[in-house]
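Quick caveat, the model's predicted, so the values are computed rather than measured. The figures that follow rest on heavy atoms only: side chains count, while hydrogens, waters and symmetry mates do not. Order of listing sets the numbers, starting from 1, for every ligand and every atom in it.
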Amino acid sequence: MKFSLCLVVFLVLFLFESSNGSNNLILQSCKEASKSDQNLSYDFCVSSLNDASNKTKLPSNLEDLVGMSIQLTKSNGTNMLPIIKELLKNLTSDDQYVKACLQDCFDLYKDSLSSLEDAVVAFKSKDLYSANINLSASLDDSITCEDQFKDKTGKTSPLTWENHVYFQLNVMCLAFVQMLNQH
Ligand SMILES: *[C@@H]1O[C@H](CO)[C@@H](O)[C@H](O)[C@H]1NC(C)=O
Ligand SMILES: *[C@@H]1O[C@H](CO)[C@@H](O)[C@H](O)[C@H]1NC(C)=O
Ligand SMILES: *[C@@H]1O[C@H](CO)[C@@H](O)[C@H](O)[C@H]1NC(C)=O
Ligand SMILES: *[C@@H]1O[C@H](CO)[C@@H](O)[C@H](O)[C@H]1NC(C)=O
Ligand SMILES: *[C@@H]1O[C@H](CO)[C@@H](O)[C@H](O)[C@H]1NC(C)=O
């Protein structure tokens with residue numbers, strides 16, 4: 001009797017765990033990733049992945065999570081291109097410096113997107129080393145876009161928030177790939 005009660009409790013806990021497994025995967029992975037890289041906020045990580053997994057499917061392992069985060073980063077970066085184009089069109093003052101920076105950002109985001117394409121290919125062929133290089137290049141592009149505005153005093157970047165989001169998405173991809181390397 002005692003034994004079967006134990007068994008029932010065990011089964012209930014087990015079923016609860018597995019139905020909740022994917023969500024736990026996101027929570028656990030984000031916890032580990034945000035610990036390993038302080039540039040990644042835990043809340044950002046969880047909310048981005050929850051949104052993404054609603055739209056596609058729940059990730060069942062760390063590999064899924066890497067694939068999902070790269071796709072998420074790619075779609076975020078792709079959406080940046082028309083935003084930058086519109087900012088360029090909206091420039092009222094003939095501010096050549098901001099204009100040049102925005103044009104650079106447009107090219108940087110395009111470069112970043114092709115790095116992400118290569119990261120997907122590398123990741124699919126289990127070449128984590130190259131995936132890591134490509135993701136790092138993509139990460140650097142978002143930093144370069146933001147930093148060039150600071151090169152001239154008095155200029156503020158109209159993309160600070162967007163660059164920061166994109167930076168964190170890239171940090172998240174990198175952290176997951178590094179976790180995969182260690183597991
Ligand atoms: C956070 O990002 C900066 C670059 O913006 C980098 O120099 C620093 O090492 C990163 N910190 C961590 C904890 O990864
Ligand atoms: C995703 O699902 C969660 C819980 O199921 C819900 O709270 C959230 O609003 C959903 N997000 C989107 C973007 O649909
Ligand atoms: C990028 O992702 C963030 C966080 O999920 C979202 O708020 C933002 O709207 C996205 N930006 C673009 C350009 O898609
Ligand atoms: C560009 O200007 C239009 C009209 O003023 C505005 O609705 C839009 O939000 C602006 N776009 C950006 C990216 O700032
Ligand atoms: C991705 O990394 C590989 C391996 O280092 C490199 O050959 C390739 O040029 C990179 N792709 C991009 C777009 O930088």
Got N163 and Y109 here, is their nearest side-chain heavy-atom distance under 4.5 Å?
yes

A student checking ligand 4 against L87 at a 4.0 Å heavy-atom cut-off should list atoms 13 (C), 14 (O)

Could you tell me if any non-hydrogen atom of Y109 lies under 4.0 Å from any atom of ligand 3?
no

When you look for heavy atoms under 4.0 Å from ligand 3, do you find them on the side chain of N76, its backbone, both, or neither?
both

N or O pair under 3.5 Å between N79 and ligand 3
yes

Side chain to side chain contact (heavy atoms under 4.5 Å, CB included) test vs L174 passes for just one of N39, L139, D37, namely L139

T56 side chain reached by Q71 side chain, heavy atoms, under 4.5 Å:
no

Atom 11 (N) of ligand 4: nearest protein contact (heavy atom, Å)
E86 OE2, 2.8 Å

Is there a side-chain contact between F123 and L180 in this structure, where contact means two heavy atoms from C-beta onward sitting under 4.5 Å apart?
yes

Do you know the tightest heavy-atom contact between A122 and A131?
CB-N, 3.6 Å

Ranked by distance from atom 4 (C) of ligand 4, the top protein heavy atom is N90 ND2, 4.7 Å

Got S60 and L25 here, is their nearest side-chain heavy-atom distance under 4.5 Å?
no

I'd like to know whether OH of Y42 has more than 12 heavy-atom contacts from other residues, nucleotides or ligands below 6.0 angstrom.
yes

Does the pair C101/C145 show an SG-SG distance of less than 2.5 angstrom?
no

Counting heavy atoms only, which part of I83 comes closer than 4.0 Å to ligand 3: side chain, backbone, both or neither?
side chain

Please state which protein non-hydrogen atom is closest to atom 1 (C) of ligand 5 and give its distance, to 0.1 Å?
N134 ND2, 1.6 Å

Look at atom 5 (O) of ligand 3 and say which protein heavy atom is nearest, naming residue and atom and giving the distance to 0.1 Å.
S48 OG, 4.4 Å

What are the atoms of ligand 5, with element, lying closer than 4.0 Å to any heavy atom of S130?
4 (C)

With heavy atoms of W161 as the reference, note each atom of ligand 3 found under 4.0 Å away.
7 (O)

Check if S115 has a non-hydrogen atom at a distance under 4.0 Å from any atom of ligand 5.
yes

Using side-chain hydrogen bond (donor to acceptor under 3.5 Å, both in side chains) as the criterion, point out the one residue from S115, S69, S136, S138 that pairs with N170.
S138

Option with minimal heavy-atom separation from atom 13 (C) of ligand 5, where the choices are L135, D118, I133
D118

